[in-house]
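Heads up, the thing below is written out as structure tokens.
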Amino acid sequence: MAMRNTLMSFLSRRTSTTTIPTLQNPILGCRCYCSPPSTASNNTLFVGGLSWSVDEKSLKDAFSSFGEVTEVKIIYDKDSGRSRGFGFIHYLKEDDAVSAKDAMDGKALLGRPLRISFAFEKARGGPVVVPRLSNTADGASDDA
DNA sequence: GATGAGCGT
């Protein structure tokens, strides 16, 4: 008497985040999207209103208290060399990013109020997802 | 000697 877990095999296969993009479901007949459209905000935070003298380590030091910061970047101007006054903060978890945003948004750093928002999914190796514009049904049926 | 909404030199 030997029990075979063959049926249990493909029932427990849900730990793979790297699904094969070329595989399609013959039943549903649709592709498997790795990025659900429900996530309008990832663990990337957009920080604006920065002073033109703020460094990345200053933001790292100010935002690492709310969660585990994995990446901090401030955008500088390549023409003038000065900071553009905004930057990005990557958190390990989105929950920490929300906490940091909720805690630091509206506060001031180096004498200037901060404007924090969730950043768009900027490449870093992936496709760009843009928020849909005001998709109001104005009578234009442009569905493909 | 500049300036101040935004989304990646």
Side-chain angles (χ1 to χ4, degrees), chain A residues 5-144:
Chain A
N5 300 332
T6 312
L7 297 178
M8 293 297 181
S9 294
F10 74 101
L11 285 180
S12 57
R13 285 182 182 272
R14 55 175 184 163
T15 55
S16 57
T17 53
T18 52
T19 44
I20 305 176
T22 54
L23 242 174
Q24 292 182 348
N25 195 324
I27 302 177
L28 299 178
C30 59
R31 298 186 185 94
C32 300
Y33 288 91
C34 300
S35 303
S38 302
T39 52
S41 59
N42 277 359
N43 45 3
T44 307
L45 228 57
F46 169 79
V47 182
L50 293 175
S51 180
W52 294 310
S53 303
V54 177
D55 331 277
E56 296 178 352
K57 61 178 180 64
S58 300
L59 279 179
K60 175 74 179 295
D61 183 74
F63 281 82
S64 56
S65 302
F66 301 96
E68 191 170 352
V69 179
T70 58
E71 185 69 53
V72 175
K73 179 183 291 182
I74 296 183
I75 310 303
Y76 294 91
D77 185 84
K78 57 190 175 191
D79 297 324
S80 303
R82 299 171 191 151
S83 61
R84 290 188 180 181
F86 71 94
F88 296 93
I89 301 181
H90 296 271
Y91 276 90
L92 189 71
K93 293 174 299 185
E94 182 184 325
D95 183 72
D96 293 336
V98 177
S99 302
K101 171 178 174 293
D102 182 73
M104 294 295 293
D105 185 28
K107 296 301 181 294
L109 186 63
L110 297 190
R112 218 62 177 179
L114 263 52
R115 302 180 58 176
I116 309 181
S117 173
F118 288 101
F120 308 114
E121 297 186 33
K122 231 15 168 182
R124 271 210 318 178
V128 181
V129 50
V130 293
R132 57 194 61 188
L133 301 176
S134 304
N135 191 7
T136 54
D138 49 1
S141 25
D142 52 347
D143 57 288

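Residue numbers start from 1 in every chain, and the chains themselves are labelled A, B, ... in the order their sequence lines are given, proteins ahead of strands.
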Closest to the 5' end of DNA chain B, once Ser80(A) and Arg115(A) are matched to their nearest nucleotides, is Ser80(A)
Hits for side-chain hydrogen bond (donor to acceptor under 3.5 Å, both in side chains) against Asp55(A), two or more places apart or cross-chain, chain-then-number order -> Ser58(A)
From NZ of Lys73(A) across to P of dG6(B) the rounded distance in Å is 22 Å
Atom CD1 of Ile89(A) and atom C1' of dG6(B) are separated, to the nearest Å, by 15 Å
When rounded to whole Å, the CD to P distance for the pair Glu56(A) and dG8(B) reads 16 Å
Kindly say whether the aromatic ring centers of Phe118(A) and Phe46(A) come within a distance under 6.0 Å.
no
Residue set satisfying side chain to side chain contact (heavy atoms under 4.5 Å, CB included) with Arg115(A), at least two apart, ordered chain then number -> none
Requested in this report: Tell me what Leu50(A) touches on the nucleic acid: a base, only sugar-phosphate, or nothing, going by heavy atoms under 4.0 Å.
Outcome: base
Worksheet item: Would a distance-only check, ignoring hydrogens and angles, find a side-chain to backbone donor-acceptor pair under 3.5 Å from Tyr91(A) to Phe63(A)?
Response: yes
Using side-chain heavy atoms (C-beta onward) and a distance below 4.5 Å, is Val69(A) in contact with Leu59(A)?
no
Closest to the 5' end of DNA chain B, once Asp79(A) and Gly49(A) are matched to their nearest nucleotides, is Gly49(A)
When rounded to whole Å, the CG to C1' distance for the pair Asp77(A) and dG4(B) reads 14 Å
The nucleotide from dA2(B), dG8(B), dG6(B) with an atom nearest the side chain of Phe86(A) is dG6(B)
Regarding the side chain of Trp52(A), the nearest nucleotide among dG8(B), dA2(B), dG4(B) is dG4(B)
Rounded to whole Å, the CD1-P distance (Ile116(A) to dA5(B)) equals 17 Å
Rounded to whole Å, CG of Asp105(A) lies from C1' of dA5(B) at a distance of 15 Å
Taking dG6(B), dT9(B), dG8(B) as options, the one with an atom nearest any side-chain atom of His90(A) is dG8(B)
Side-chain atoms of Phe46(A) come closest, of dC7(B), dA5(B), dT9(B), to dC7(B)
- Query: Counting any heavy atom closer than 4.0 Å, what does Gly87(A) reach on the DNA or RNA strands: base, sugar-phosphate only, or nothing?
  - Reply: nothing
When rounded to whole Å, the CG to C1' distance for the pair Leu110(A) and dG4(B) reads 15 Å
Whole-Å distance, Tyr76(A) OH to dT3(B) P, equals 20 Å
Checking dG6(B), dT9(B), dA2(B) against the side chain of Arg82(A) (C-beta onward), the nearest is dA2(B)
Side-chain contact check for Arg112(A): nearest option of dC7(B), dG4(B), dG8(B) is dG4(B)
Closest of dC7(B), dG8(B), dT9(B) to the Thr44(A) side chain is dG8(B)
Among the nucleotides dT9(B), dC7(B), dA5(B), whichever has the atom closest to the side chain of Arg84(A) is dT9(B)
